[in-house]
Number of protein chains: 4
Amino acid sequence: MLCPFNKPRWERRKEARPQELLAAALDLFVERGFAVTRLEDVAKRAGVSKGTLYLYFANKEELFKAVVRENILPVLGEAEAMIDSFEGNSIDLFRDIVLGWWERVGDTTLSGITKLILAESGNFPELAKFYHDEVISRGNAMIGRLLQRGIERGEFRQLEIQNLTKVIVAPIIMLMMWKHSFGACQIEPISPKDYLNSFIDLCLHGVLNDEVGA
Amino acid sequence: MLCPFNKPRWERRKEARPQELLAAALDLFVERGFAVTRLEDVAKRAGVSKGTLYLYFANKEELFKAVVRENILPVLGEAEAMIDSFEGNSIDLFRDIVLGWWERVGDTTLSGITKLILAESGNFPELAKFYHDEVISRGNAMIGRLLQRGIERGEFRQLEIQNLTKVIVAPIIMLMMWKHSFGACQIEPISPKDYLNSFIDLCLHGVLNDEVGA
Amino acid sequence: MLCPFNKPRWERRKEARPQELLAAALDLFVERGFAVTRLEDVAKRAGVSKGTLYLYFANKEELFKAVVRENILPVLGEAEAMIDSFEGNSIDLFRDIVLGWWERVGDTTLSGITKLILAESGNFPELAKFYHDEVISRGNAMIGRLLQRGIERGEFRQLEIQNLTKVIVAPIIMLMMWKHSFGACQIEPISPKDYLNSFIDLCLHGVLNDEVGA
Amino acid sequence: MLCPFNKPRWERRKEARPQELLAAALDLFVERGFAVTRLEDVAKRAGVSKGTLYLYFANKEELFKAVVRENILPVLGEAEAMIDSFEGNSIDLFRDIVLGWWERVGDTTLSGITKLILAESGNFPELAKFYHDEVISRGNAMIGRLLQRGIERGEFRQLEIQNLTKVIVAPIIMLMMWKHSFGACQIEPISPKDYLNSFIDLCLHGVLNDEVGA
DNA sequence: GATGAATGAGGCTTCATTCAT
DNA sequence: CATGAATGAAGCCTCATTCAT
């Protein structure tokens, strides 16, 4: 009785149960997709029975929302804070943001959520809107502020920010998508580090040979 | 009987059946995903009965595979010819490739195939591999050759081609994904023209302010 | 193939299936109650599978409504016609209506519907309203017209019709209730014939001994 | 400890528990029916937890039986005393009985018991029998004795008592049923006073116009 | 070939009941 | 005694698949 691991499972619930369920749901949703995942499997993976899920989440869709809310939003806040408090060069900031995002999100199961949303948005427009408003648009705004900062500091040239942010976000999202689609099938996995370095290099310098005088 | 146009209408109809079914299935699979699409809806959209589907496709999974196979093949080769025969400046070539791709693929139903594959790759790994080998990797190779051409002609600087191609392809794929996910939900649709111009501008020049002395 | 009874079950559907399902549902709803009746049992009694029910009725509640609609409404129309076309004495008409109602409704499974509605109205207010509007109030109006007719012809004394109709309808409804509650439990079954004769006698003459000078 | 009012409040509470549970259950059973009432709601209405119910009642069915048993007994005997001690006119006695019944039973929660029994008799035949023997048949006997008294005193004409009692009881029972079915749904609530006056008038005089020469 | 009625396995959800604290 | 988290059987409903015509 002294060791918590001796406690019967049901006793640990108030603290951990919802988190265990969310973790199990995240895994399975990412692995199989929302529509195909059976709640019974989520429960089984969390080590509880089917009915227990309904003590914590009203239905499958609410479970999905909770998974998104609990996992993605905290990370976003951190990144936003980083931009606003960063002191140095915008180039370094860009590099930090990109690599940090990969470390905190892309390289974790969380990246699967993005894939999930893009894949299943057709069936859950409400969820898609929720995710867009809470995650995508905030992410875009973050990159937009970063570009603005660089322009104001004279580090970046005059840029059309509106569309450019989406273009810049795209390769990061694609890297996450890749990991959970082709990557998950063992098809030509990409080296994130090399990919992201190429990405950063491209964003900074473009492809042109400036010495020739393009 | 040799010329299809001599056949009575219902007989031509009969031969067109599978194509009509595939088209209907493509639409619905793209819009809703594989698991959620009901065969009855596919049949209804094609104007036939549910049972008729099974005259042409053994089951739902085979229908999916046929949809992908039938729609992937026509895409191949379209753009490849373009690149090798082009004479002018690599910058113009890049611009033509990107905008031409959008016009001939991205802006057609075929872009839905890409979304479909990325979304359902987990459940159909062999299709994902097929799509990767026949489409994605050939697209990458195309961009790779384009970059190589630019470098050889001194128009592009020395570039690490392997990963860069994937980075450059990413925003194009994302544009297609967007069209079929958030775009389909009426959530902040992107203007492809503006997006692609920003993309081309970024790829060529990067974001740095060269005059400052980068 | 000549004899319809040799036909496979599924072939007879377009004509008879919905009626078979409604009959089975009526029996079980009356026997067990709406909430407790399982659709699988309804299907089984009709000799079909669970899914077949949903080809004809959207859900359990719609099935219930259809049972009421198909069974009760036609009988009501007949009774209404009888009142309007009857030529003779109002006393005879009253007797005919009461005994006819018993024959056509009370003595059949249909009487169970009334019990059902009264018992389960709490859970299905929408159904209760439907039944009240379509059946109860029409039945009351029918009796009301009968009383009015008798008064106008001088056969009945001046009566307060509004509440009296409900009072007169009550013993008829109770007889149906009884049959499906205590009667169904083998508890002191009532002889409908004697009960209705007492009822008619009471309605006509009351209990008072007029000779004494009431 | 002998006087309950000396006990601390929570201890009196403890003894009152079963009554509070039964009251809550009565309300909900009457309102929604047995099958549909959730024990959790019963517990909530009584202000206890679901588990507590099982400290007092073995299961849902036993709770139902207890509800009925506890509520039936107090009804008995209330009215019986009235009839045998009455001195005056049988007409006045009838009026007093009917109006008194409504006041003391029909207009209280106890009328719900009647509705409950009639509605659920199919699933609880032994309770139905109990209720019939202890309540219904005693009520009938009471009315029977009343009629007999009137006949013997020459106030009522010669009547067939056996069935007539049931006919006379019917509108009273129906008034209770109505209150808990259509009445509870806000569908055309009946004015008990007017209804009962019409009822009494009908029972005494019938509908015929005696002056015409009945 | 084409139909569409029929099937029945399977998923989501509810809730009576249990039981460790 | 009281709690309320946990269980799991059971019901409603969906839909891929079959098959007699």
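Reminder, nothing fancy here: chain letters follow the sequence lines and each chain counts from 1.
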Q. Of the nucleotides E:dA5, F:dC13, E:dT17, which one has an atom closest to the side chain of D:Tyr54?
A. E:dT17
Q: Looking only at side-chain atoms of B:Leu55, point me to the closest of F:dT7, E:dA2, F:dG11.
A: E:dA2
Q. Roughly how many Å is it from CD in C:Glu62 to C1' in F:dC12, rounded to a whole number?
A. 15 Å
(Q) Can you work out whether B:Ser49 or D:Phe34 has the more 5'-proximal nearest nucleotide on DNA chain E? (A) B:Ser49
Q: Could you check if a side-chain atom of C:Asp41 sits within less than 4.5 angstrom of a side-chain atom of C:Arg32, using non-hydrogen atoms only?
A: yes
Q) Taking for each residue the nucleotide of DNA chain F with the nearest heavy atom, is it C:Ala35 or D:Leu53 whose nucleotide lies nearer the 5' end? A) D:Leu53
Q. Can you check the C:Lys60 NZ to F:dC12 P distance for me, whole Å?
A. 4 Å
Q) Under 4.0 Å between a side-chain N/O of D:Tyr56 and OP1 or OP2 of F:dA2, yes or no? A) yes
(Q) What is the separation between atom CD on C:Glu61 and atom P on F:dG11, rounded to the nearest whole Å? (A) 19 Å
Q) Does the E:dT13 base have a donor-acceptor partner in the side chain of A:Lys50 within less than 3.5 Å? A) yes
Q.
Ring-plane angle category for C:Phe29 and C:Phe34, please: parallel below 30°, perpendicular beyond 60°, tilted otherwise.
A. tilted
Q | Within 45° cone and under 6.0 Å: D:Lys65 NZ/CZ vs D:Phe124 ring | A | no
Q: Output, in order, the C-alpha distance, side-chain angles, deciding distance and verdict of salt bridge (Lys or Arg N to Asp or Glu O under 4.0 Å) for A:Arg17 and A:Glu20.
A: CA-CA 5 Å; A:Arg17 200 33 57 77; A:Glu20 293 166 4; 3.2 Å; yes
Q.
Show me the dot-bracket string of DNA chain E, counting Watson-Crick or G-U pairs under 3.5 Å, with | for pairs to another strand and [ ] for crossing ones.
A. .||||||||||||||||||||
Q: Considering non-hydrogen atoms only, spot the tightest contact between A:Thr37 and A:Gly33 and give its length.
A: OG1-O, 2.6 Å
Q) Looking only at heavy atoms, what is the nearest atom pair of D:Ala35 and C:Ala35, with distance? A) CB-CB, 4.3 Å
Q. More 5' along DNA chain F: C:Thr52 or A:Gly51, using each one's nearest nucleotide?
A. A:Gly51
Q | Heavy-atom pair with the smallest gap, counting every atom of D:Leu21 and D:Leu53 | A | CD2-CD2, 3.8 Å
**Q.** Rounded interatomic separation in angstrom, taking NZ from A:Lys44 and C1' from F:dA6
**A.** 17 Å
Q. For the pair made of CG in D:Leu39 and C1' in E:dA16, what is the distance, rounded to whole Å?
A. 6 Å
**Q.** Interatomic distance where CG belongs to B:Asp41 and P belongs to F:dA16 [whole Å]
**A.** 9 Å
Q: Quickly work out the B:Phe57 CZ to F:dT17 P distance and round it to whole Å.
A: 14 Å
Q) Rounded to whole angstroms, how far apart are CZ on A:Arg38 and C1' on F:dT14? A) 15 Å
